[in-house]
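Here's the structure, in structure tokens; my notes come after.
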Protein chains: 2
Amino acid sequence: MKDGPDIAYVASLIGEPVRANMLTALMAGRALTASELAHEAGITLQTASSHLGKLEQGGLLRQRKQGRHKYFSLASGEVAATLEALMGLAVSAGHLRTRPGPKDAALREARVCYNHLAGEMGTRLFGGLVGRGLLVTQDEDVRLSAAGDEFVRAFGIDLDALTAKRAPVCKQCLDWSERRSHLAGSLGRALLDRFEALGWATRDGKSRVVTFSAKGRAGFEGLLAG
Amino acid sequence: MKDGPDIAYVASLIGEPVRANMLTALMAGRALTASELAHEAGITLQTASSHLGKLEQGGLLRQRKQGRHKYFSLASGEVAATLEALMGLAVSAGHLRTRPGPKDAALREARVCYNHLAGEMGTRLFGGLVGRGLLVTQDEDVRLSAAGDEFVRAFGIDLDALTAKRAPVCKQCLDWSERRSHLAGSLGRALLDRFEALGWATRDGKSRVVTFSAKGRAGFEGLLAG
DNA sequence: TTCATAGTTCGATGATAGTCGAACCATTTG
DNA sequence: CAAATGGTTCGACTATCATCGAACTATGAA
């Protein structure tokens, strides 16, 4: 009947294959131009423009103009979380777009989710920080303990800059491959950025895959162990 | 970009208005027959049969035959959680199917989510049980404390029967109206059932609305206070 | 200014998919 | 058994919408 939010409208936006490809591409966290997204999805620029307009109107994308370029990114972490939830359903129903291959394994091990680390490494990181008492969970909220505060600063992250902003510092995000939470929020983003800056991890330019260097793996395990 | 689960397939299933109506109707937790769902969505039985077949094939619905009737229900709590996530997006984008009315307010106060209590009453219940130390949260997991175990039994719930089954007893589920968690899982279901048995609450036959009696409200507040 | 690139708008086309009538199975009831 | 109800399958119709060519605007470079 006619009560509740219009779920069909949003779902139909995501349900078009080309638009789903665009959204999946944007799950990598980088803002992409209309041309890049068109190329990514294998369609012309006119068609892409139409799709992007609908996605923006539906509140799934945000866009900012920069010169003659128009950069698109996911509107919020909630959008990313919903996409992950849909991926979970697709997996459990056995609907993969491709046979599980090497790329699939890499995705499960470590990938970018919007702007933070997901996959096995992501959930291990979350679990490790909680285990060391640096993160404290209460209901569905997460926050840094005093020790965690100190740890984050020592790791080279400007925590004051994060807390100054309105966006939540710590947030949980559910994994389609692991079925466990990993750390989102501005701290989740800052940690992944720091991993990159330290040369621990590199993002693939084309996909969501994150690859860790030998040094990175060692450092990562050190983090978990304390 | 052919990596990852086929999100478009699942989303397009939900994105068809008639199917979305059916899924929303099933969020009330009751299993419904094909005819009932057809009537609910305002279409003929032939069309409904086609839609239901697709939803089942997509892993969103489960069906069981009983005599000459065919009862449909949501396939899992994950499906319900994903639908709630989509509702959250639709709300934040301002896409309601109807103007917020009295029914909307009732839905926000107390409603059925799949098989357990959601809305303000749902999140208050969850928060109250955690506050009294009866429920313990760790990461995204929830479990009963020793005191909680005793409390549940004293409340008249056959806890042994719940734990004997494979399904998780405690589980968190996110609310689109409250943006907080409430209690799902077999215990969440059992609690709502018990509320009904005690005459505390009654479900509306047609919608997801749950209405509490005066006695129910008093008892409910007593639960939270301890 | 002239050229080039990025993006939008419009209109025509074509394919996908939702819809229902009609005929068909299956189960229950009289 | 026959009648009735619940549900499925098939085929034809129709509407929606993604797609792209063509023309247009806007920003940047030479």
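In what follows, chains carry the letters A, B, and so on, assigned in the order in which the sequence lines appear, proteins first and then strands, with residues in each chain numbered from 1.
The aromatic rings of A:His116 and A:His182 sit tilted, their planes meeting at an angle between 30° and 60°.
A nucleotide of DNA chain D counts as in contact with chain A when one of its atoms lies under 4.0 Å from a heavy atom; the first and last such, 5' to 3', are D:dA18 to D:dG28. Interface limits on DNA chain C: the 5'-most and 3'-most nucleotides within less than 4.0 Å of chain A heavy atoms are C:dA4 to C:dT9.
For A:Glu196, the salt bridge (charged side-chain N to carboxylate O under 4.0 Å, His left out) test picks out A:Arg203, with sequence neighbours left out. For B:Ser50, the side chain to side chain contact (heavy atoms under 4.5 Å, CB included) partners are B:Lys54, not counting sequence neighbours. Applying the side chain to side chain contact (heavy atoms under 4.5 Å, CB included) rule to A:Thr202 yields the partners A:Thr211; only residues at least two apart in sequence or on another chain are considered. Scanning for side chain to side chain contact (heavy atoms under 4.5 Å, CB included) contacts around B:Gln63 gives B:Glu56, B:Lys70, B:Phe72, with sequence neighbours left out.
Across all strands, A:Lys54 comes closer than 4.0 Å only to sugar-phosphate atoms, never to a base (heavy-atom distances).
At least one donor-acceptor pair closer than 3.5 Å links the side chain of B:Arg208 to the backbone N or O of B:Val112.
For the pair B:Thr33 and A:Ile43, nearest-nucleotide mapping onto DNA chain D gives the more 5' position to B:Thr33.
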Check step by step if side-chain contact (heavy atoms from CB on, under 4.5 Å) holds for B:Leu74 and B:Leu60. CA-CA 6 Å; B:Leu74 295 186; B:Leu60 296 178; over 6 Å; no

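Within 6.0 Å of atom CZ in A:Arg62, 12 or fewer heavy atoms from other residues, nucleotides or ligands are found, so the atom counts as exposed in its surroundings.
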